[in-house]
Amino acid sequence: ETLSQIVDLIRPGGQIGIFMLQGPPGDAPPGAEAASASELGRTLTKLNLTFTARDYTSQNAEFHRRNWQAAVDLREDFEAEGNGFIAASLIREAEEEFLPAIEAGKMTRYLYHVTL
């Protein structure tokens with residue numbers, strides 16, 4: 001419903017960009033087919049919207065690797081400021097959530113480009 005309302009506000013010929021972090025649907029293959037099979041892809045199709053999807057999963061993984069390394073490298077500085085919980089949270093998120101999910105193929109990130 002929200003997407004339909006947004007579309008109503010865009011002029012003909014306008015564009016919408018949506019970054020979506022999501023798990024691949026079922027046994028969908030990687031790439032554009034997985035993006036099309038996702039909940040967002042199915043919703044865009046249901047609204048008769050033309051879109052392309054670009055896979056940014058590897059860039060997302062690299063971001064989390066760099067974020068993890070920065071938190072590890074700066075942990076003592078965070079702790080000296082009384083903000084050790086920030087470094088600990090960034091490290092935990094990367095090690096326990098984001099990187100394992102991405103590496104297991106359970107988390108993807110796509111940029112959906114919709115042209116009206």
For residues Tyr112 and Ser38, is any side-chain donor paired with an opposing acceptor at under 3.5 Å? yes
Are Tyr56 and Tyr110 near enough that their ring centres are under 6.0 Å apart? no
Determine the minimum heavy-atom distance between Phe51 and Ser36, stating which atoms define it. CZ-OG, 3.9 Å
Within the 4.5 Å heavy-atom criterion, are Ile6 and Ile16 side-chain neighbours or not? yes
Spacing of Asn83 atom CG and Leu74 atom CG [to the nearest 0.5 Å]: 12.0 Å
Nearest heavy-atom neighbours spanning Arg42 and Ala37: NH1-O, 2.5 Å
Does any non-hydrogen side-chain atom of Leu47 lie less than 4.5 Å from one of Ser4? yes
How about Met20 and Glu39: do any of their side-chain heavy atoms sit closer than 4.5 Å? no
Going by the rule side-chain hydrogen bond (donor to acceptor under 3.5 Å, both in side chains), which residues pair with Arg66 if we only count those two or more places apart in sequence or in a different chain? none
Enter the distance from Leu111:CG to Thr52:OG1 here, rounded to the nearest 0.5 Å. 7.5 Å
Salt bridge or not for Arg65 and Glu62, using N-O below 4.0 Å? yes
Would Leu3 and Leu44 count as a side-chain contact (heavy atoms from CB on, under 4.5 Å) here? Give the steps. CA-CA 8 Å; Leu3 191 53; Leu44 294 170; 3.4 Å; yes
Pairwise salt bridge (charged side-chain N to carboxylate O under 4.0 Å, His left out) hits with a residue in residues 68-83, at least two apart: none
Should Trp68 and Leu90 count as side-chain neighbours, where that means a heavy-atom distance under 4.5 Å? no
Hey, are the side chains of Leu21 and Asn60 touching, using non-hydrogen atoms and a 4.5 Å cut-off? yes
Heavy-atom pair with the smallest gap, counting every atom of Leu99 and Ala61: CD2-O, 3.6 Å
Can you check whether His64 reaches Ile102 side chain to side chain, under 4.5 Å on heavy atoms? yes
Arg54 vs His113 side-chain heavy atoms within contact, under 4.5 Å: no
Which atom pair, heavy atoms only, marks the closest approach of Ala94 to Pro100? O-CD, 3.4 Å
